[in-house]
Amino acid sequence: MKIRLVSWNIHKGFSPFNGRFVLDGIRELIRLSRADLVFLQEVQGEHTEKSTTIEGWPTQAQFEFLADQVWSHFTYGKKAIYPAGHHGNAILSHFPIASWENIDLSVSRLEKRGMLHARVVVPDTRIDFDLYCTHLNLFGGDRKIQVDRITREIRMRSGAERALILAGDFNDWRDQLQDTLEKKLGLREAFRTHRGALARTFPSFAPILPLDRVYLRGFEVLATTRSDPPSPAVHSDHLPLEVDAYLRDPRS
């Protein structure tokens, strides 16, 4: 079974340096990808102040606005909560979501982080697989703690063989997390597997750092695409990643 997925840190719907509110453009780019699955980070669930002062702010939560009538199934996990609202991770899916949960990965009060887990089911089949969407800390020591937690959480929920996708903003510009994810979970990063190198995604207007990743288990990577500047650079400070993959063994 072939699927297409997109992973993108959408910067709460703003262009780099918060210059413009561009959620309409973000929605259009996601739609054009024709993705079956969309992994989103920095999604604004609610903001009572911005919703009354920013022109074009949607009447519903950003993940509902982005899903619209294209992705019938979606889920959202808060990770940062403050007086005006909250933001976090979201997953949009063409496949029904059988279950979901929001896992806390916070290691300090300065950075509230989480991992959203969803189990999707392919209609009219017995095929299901797991999705994990996350956004890790800026400090390397914190990320190592978080990856250890991710390893434990995924082992508990997905075991050692179940097919899964782990995608998001790992903030791992020094590439220090791959060995742990590969050795302990059997994950392979899509761009490294397909192209021999990680995709550089930040900042979007001059991408230097490989912050965003798509890790897979039980899938064969068929194609990988990083949207290049300048056109997407006005939509978020990160570039989106797109992966086509084939589910090798539906029984896993």
Side-chain angles (χ1 to χ4, degrees), residues 7-18 38-51 61-63 75-91 100-118 130-158 164-185 187 189 198-204 207-215 236-241:
S7 181
W8 198 1
N9 180 330
I10 65 167
H11 195 46
K12 303 171 193 171
F14 287 89
S15 64
F17 309 110
N18 297 320
V38 183
F39 298 73
L40 300 172
Q41 305 87 50
E42 290 198 24
V43 180
Q44 191 80 64
E46 180 184 26
H47 202 291
T48 55
E49 295 176 2
K50 293 177 180 177
S51 63
Q62 287 188 357
F63 59 92
T75 185
Y76 166 75
K78 300 177 187 179
K79 68 179 183 184
I81 303 172
Y82 28 84
H86 50 83
H87 67 267
N89 303 306
I91 295 173
W100 71 275
E101 57 188 320
N102 191 30
I103 302 163
D104 185 22
L105 296 180
S106 301
V107 297
S108 73
R109 289 182 292 179
L110 297 177
E111 292 186 87
K112 297 297 182 181
R113 303 296 191 185
M115 179 170 67
L116 182 61
H117 170 223
D130 288 339
L131 312 176
Y132 295 90
C133 181
T134 194
H135 185 184
L136 301 189
N137 276 22
L138 294 172
F139 297 103
D142 291 348
R143 292 194 297 273
K144 290 180 180 179
I145 295 172
Q146 289 171 326
V147 165
D148 286 340
R149 287 188 186 177
I150 287 171
T151 299
R152 292 196 301 270
E153 298 289 347
I154 290 181
R155 279 177 169 173
M156 181 171 61
R157 291 164 176 79
S158 303
L164 67 89
I165 302 167
L166 168 64
D169 178 359
F170 285 75
N171 274 318
D172 180 28
W173 59 87
R174 294 182 178 177
D175 194 16
Q176 296 176 325
L177 306 180
Q178 171 64 29
D179 286 348
T180 300
L181 293 171
E182 182 173 335
K183 292 176 181 177
K184 294 186 177 182
L185 292 174
L187 295 174
E189 206 286 322
L198 298 169
R200 299 178 185 273
T201 56
F202 182 87
S204 56
I208 300 172
L209 301 177
L211 301 189
D212 302 273
R213 310 284 168 81
V214 176
Y215 291 99
S236 175
D237 53 357
H238 287 245
L239 294 174
L241 299 180

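Position 1 is the first residue of the sequence; numbering continues from there.
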**Study point:** Main-chain N/O of Lys78 paired with Asn102 side-chain donor or acceptor, under 3.5 Å
**Key:** yes
Is there a side-chain contact between [X] and [Y], using heavy atoms and a 4.5 Å cut-off?
X: Gln178; Y: Tyr215; value: yes
X: Thr180; Y: Ile150; value: no
X: Val107; Y: Phe139; value: no
X: Asn171; Y: Arg113; value: yes
X: Leu131; Y: Phe39; value: yes
X: Ser236; Y: Ser204; value: no
X: Asn18; Y: Lys12; value: no

Practice item. Dump the intermediate steps for side-chain contact (heavy atoms from CB on, under 4.5 Å) on His117 and Ile154, then the final yes or no. Key: CA-CA 9 Å; His117 170 223; Ile154 290 181; over 6 Å; no
Review point. Would you call Asp172 and Arg213 a salt bridge, using N to O less than 4.0 angstrom?
Key: yes
Review point. Of the options Leu211, Leu136, Thr134, which is the one that meets Asp169 in a side-chain contact (heavy atoms from CB on, under 4.5 Å)?
Key: Leu211
Review point. What pairs with Asp104 under side-chain contact (heavy atoms from CB on, under 4.5 Å), at least two apart in sequence or on another chain?
Key: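 Only Ser106 meet the side-chain contact (heavy atoms from CB on, under 4.5 Å) criterion with Asp104.
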Check your understanding: Out of Arg143, Lys112, Gln146, which one pairs with Asn137 under the side chain to side chain donor-acceptor pair (under 3.5 Å) rule?
Key -> Gln146
Check your understanding: Could you go step by step and tell me if Arg157 and Tyr132 meet the side-chain contact (heavy atoms from CB on, under 4.5 Å) rule?
Key -> CA-CA 11 Å; Arg157 291 164 176 79; Tyr132 295 90; 3.4 Å; yes
Point to revise | Test salt bridge (Lys or Arg N to Asp or Glu O under 4.0 Å) applied to Asp142 - qualifying residues, sequence neighbours left out | key: none
Check your understanding: Would Phe14 and Lys50 count as a side-chain contact (heavy atoms from CB on, under 4.5 Å) if you check the C-alpha gap in whole Å, the side-chain angles of each, and the deciding distance to 0.1 Å?
Key -> CA-CA 12 Å; Phe14 287 89; Lys50 293 177 180 177; 4.1 Å; yes
Exercise for review: Start with the C-alpha distance between Gln62 and Ile10, add both sets of side-chain angles, then the distance that settles side-chain contact (heavy atoms from CB on, under 4.5 Å), and finish with yes or no.
Suggested key: CA-CA 10 Å; Gln62 287 188 357; Ile10 65 167; 3.9 Å; yes
Point to revise | Heavy atoms of other groups near Lys144 NZ, more than 12 under 6.0 Å | key: no
Donor-acceptor contacts under 3.5 Å from residues 84-91 side chains, at least two apart:
residue	atom	partner	partner atom	Å
His86	ND1	Tyr76	OH	2.8
His87	ND1	Tyr82	OH	2.8
Asn89	ND2	Gly114	O	3.2

Point to revise | For Lys79 against His135, the heavy-atom pair lying closest together | key: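 Residues Lys79 and His135, closest heavy atoms: NZ-ND1, 2.5 Å.
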